[in-house]
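We use all heavy atoms of the structure for the numbers below, so side chains are in, but hydrogens, waters and symmetry mates are not. Each chain gets a letter, A, B and so on, in the order its sequence line appears, and its residues count up from 1.
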2 protein chains.
Amino acid sequence: MGRKNRAVTGKGAKSAPASRPTIKDVAEKCGVHPSTVSRALSPVMSHLVAPEVAERIRTAAATLGYQPNVTAAGLRTGRSGLIGVLAPDISDPGFPPILSGVTETLNAAGYATIVADVGPDPSRERELVDKLIARGVDGLVLATVVLNDPVVGHCLAASIPVVLVNRSDSGRRLPAVVTDDEAGMRLAVDHLVALGHRRIGHIAGPQDVSTGALRRAGFRAAAARAGLPAQNILIETARAYTRDEGRLAALRLLDRKQAATAIVAANDLLALGIYDALGERGLKCPADLSVVGHNDMPYVDMLSPPLTTVRIAQRQMGEAVARLLLARIADPSTRRERIVLEPILIVRGSTASPGDRE
Amino acid sequence: MGRKNRAVTGKGAKSAPASRPTIKDVAEKCGVHPSTVSRALSPVMSHLVAPEVAERIRTAAATLGYQPNVTAAGLRTGRSGLIGVLAPDISDPGFPPILSGVTETLNAAGYATIVADVGPDPSRERELVDKLIARGVDGLVLATVVLNDPVVGHCLAASIPVVLVNRSDSGRRLPAVVTDDEAGMRLAVDHLVALGHRRIGHIAGPQDVSTGALRRAGFRAAAARAGLPAQNILIETARAYTRDEGRLAALRLLDRKQAATAIVAANDLLALGIYDALGERGLKCPADLSVVGHNDMPYVDMLSPPLTTVRIAQRQMGEAVARLLLARIADPSTRRERIVLEPILIVRGSTASPGDRE
DNA sequence: ACCCTTTATGCAATCGATTGCAACGCCCTC
DNA sequence: GAGGGCGTTGCAATCGATTGCATAAAGGGT
């Protein structure tokens, strides 16, 4: 038995505080029942206990350094105060701002977040969701779903509050906060067309994620709307949102018979890959090729040349999705909401008129 | 009573699985006692139950989709399987690689991590530590401690396994994984001296964190060892590891009567600030000034010019600190260990010989 | 054949906090 | 002065899993 509680300090049993005081210790010290302590310390129940008793309990709790055991409370109430967050890749510089917005908003509401990095193997997603549910999370934020993701149905079946951020599922069966991907591409294309570009390439992201598919469709639509003939719309699809896949796709695009004068990348990491490819081919940006990124991830203003890119409000997305989740937790029957944030174009040095040798 | 369990699906009580099955459900289905189920499903206790019964239980658990309630188990065993990680700032691009190494190693050992972002207000640190302890974390990873941090004593008093990463406390009272900050500065200074620099500046980090103080001391020592006279060693101290503080410190340094021909920054974010300051003053790097960073955070190879910097093995640090923590949890009496990783210099385009106009 | 060991399972307490219900005492009213 | 009501507090069950101990069944030895 009790090899755990009350670590014996020396030999004499003088005063062995050791492990954290429990509600019982506070109750004994005050000569009241534990339930009274519980009520006194709960903002919503404290009206049930006499003010002076409550005060006595509060000071006793403070002097003992009592902190309620969240695990025990969680077992009883069925709420853990934990939110699970599934990230595609923590090391992707685009993610921390979202995460930051999520955790800050949730912390303010008394929740802690468990962040799980799914990584390249998508089958881990389901596994991680199950692990998080087993940990009793009160809700999930998924930044990882692909179109037609089976995990969506799984979450629905588990009837646990779930919200999506940045990406959405094809059926739109879950509430989500996303940016207007198509509008973002329109900003990029219109900017290039205004500069005089007539042959524009696109490096699309993976087509199984909503941003990849929507941005590609958005690019096509924007280019057509700008009056570019179909043969002047060049598209290569990257297999992942990574710098290296961007480089490979850019090389494919550059090797086409009729090269584009500008490339719009589906995200900034892919744009970095374009820079790499340009270096390999001995081409200069923006003199030989204009480049537009997407996301405005940190420090792309420091690149050479500074990257023109479509800025999405990542921190705001994080905050919005957290609020959405809190609303769902408070009332799971709330209408499935979908918040679409408008991106803006940040013009920097990577775009110029074609043939404009500065 | 049960407003929680078994959400009623329709009217007929035909089959209402709804909320997750408990160990009791599995036991009933198998006609055994819950304790037998518990034993059968525990790798360490399963030898106590007959192999065929264990097998039956396992399949029943699988078909029911049973996952043990971690909260309940945690309450009983006193272990939560949670590790708290305190980060100075998740949005700092230097941190994700460390975090990635930590979480991956801990996940492999069955732990989940709660990441808390302390932010600029250091008093939140203590508060967050208490919150994490109240959540029953089995251990803490602190990437936030300052020299003489009161939180160190607090953790020691709470007798909870704690390890430090990247930074250490002044008394070295806690196990830590750090890099050899002084060696890193020696690499940087020696490189610049070899290029012919004789007046070298340093933008130091905050002096209340170990990296800031050690790197400054390391810089001084390396410069003296290289034979630079004291008046040729110029130091400005930044108030925080941010791009903007770096910019301000760089401007102060550039305004000195006798300007340096090279600056070593205490970290890459500060180096970014130097780039900004150079832009403001119309100076070119490396022609007018060589710059060396520290940390080799992601994508500094894409800057213009690509940043010469001291690379620290951040991912490895994360992995090492996780292993250290696991060892402490397994046996809290293990000797307080301190792991020092050796940095290497990555030479890129931001350093050149003084007066070398390419 | 009997007893003693070994093996497998059941029983019940426990972790710490929460909460519906019961009970107590007090005050007010008629 | 008795009864009703309200404001406080205590009691005990509960959440779900774990584990020391008890017990039952099976096996082995003489």
### Query
A:H47 NE2 to D:dT8 P: how many Å, rounded?
10 Å

### Integer-rounded Å distance: C:dT14 P and B:N69 CG
21 Å

### Message
Any donor-acceptor pair under 3.5 Å linking the side-chain atoms of B:R39 with those of B:S35?
### Response
yes

### Task
Establish, from distance only, whether the side-chain atoms of A:T71 and B:R135 form a donor-acceptor pair under 3.5 Å.
no

### Query
Checking A:T105 side chain against A:G101 main chain: does a donor-acceptor pair fall under 3.5 Å?
yes

### Per A:V53 side chain, nearest of listed nucleotides D:dT9, C:dG16, C:dA12
D:dT9

### Query
For the side chain of A:L75, counting heavy atoms from C-beta on, which of C:dT19, C:dA17, D:dC15 is nearest?
D:dC15

### N or O in side chain of B:T36 less than 4.0 angstrom from C:dT9 OP1/OP2
no

### Query
Taking the side chain of A:H33 as its heavy atoms from C-beta onward, which of D:dT9, D:dC11, D:dG16 lies nearest to it?
D:dC11

### Query
Mapping B:I23 and A:V32 onto DNA chain D by nearest heavy atom, which one lands closer to the 5' end?
A:V32

### Query
B:R76 has an atom CZ; how far is it from atom P of C:dA13, in whole Å?
12 Å

### Rounded interatomic separation in angstrom, taking CD from A:E52 and P from D:dT9
7 Å

### Summary
Among C:dA8, C:dG16, D:dA17, the one nearest any side-chain atom of A:A72 is C:dG16

### Message
Any side-chain to backbone donor/acceptor pair from B:R173 onto B:L156? Under 3.5 Å, distance only.
### Response
no

### Message
Tell me the interatomic distance from A:R39, atom CZ, to D:dG10, atom C1', rounded to whole angstroms.
### Response
8 Å

### Query
Tell me: NZ of B:K24 to C1' of C:dC11, nearest whole Å?
13 Å

### Message
From CG of A:L48 over to C1' of C:dA22, roughly how many Å is that when rounded to an integer?
### Response
15 Å

### Task
Counting heavy atoms from C-beta on, name the nucleotide in D:dT8, D:dC11, C:dT18 closest to the side chain of A:S35.
D:dC11

### Task
Please check the phosphate of C:dA17 (OP1 and OP2 only) for any side-chain N or O of A:S38 closer than 4.0 Å.
no

#### Entry: Nucleotide C:dA17, atom C1' - distance to CD of A:Q67 in whole Å
14 Å

### Message
Quiz question: by atom type and distance under 3.5 Å, do the side chains of A:R167 and A:T144 form a donor-acceptor pair?
### Response
no

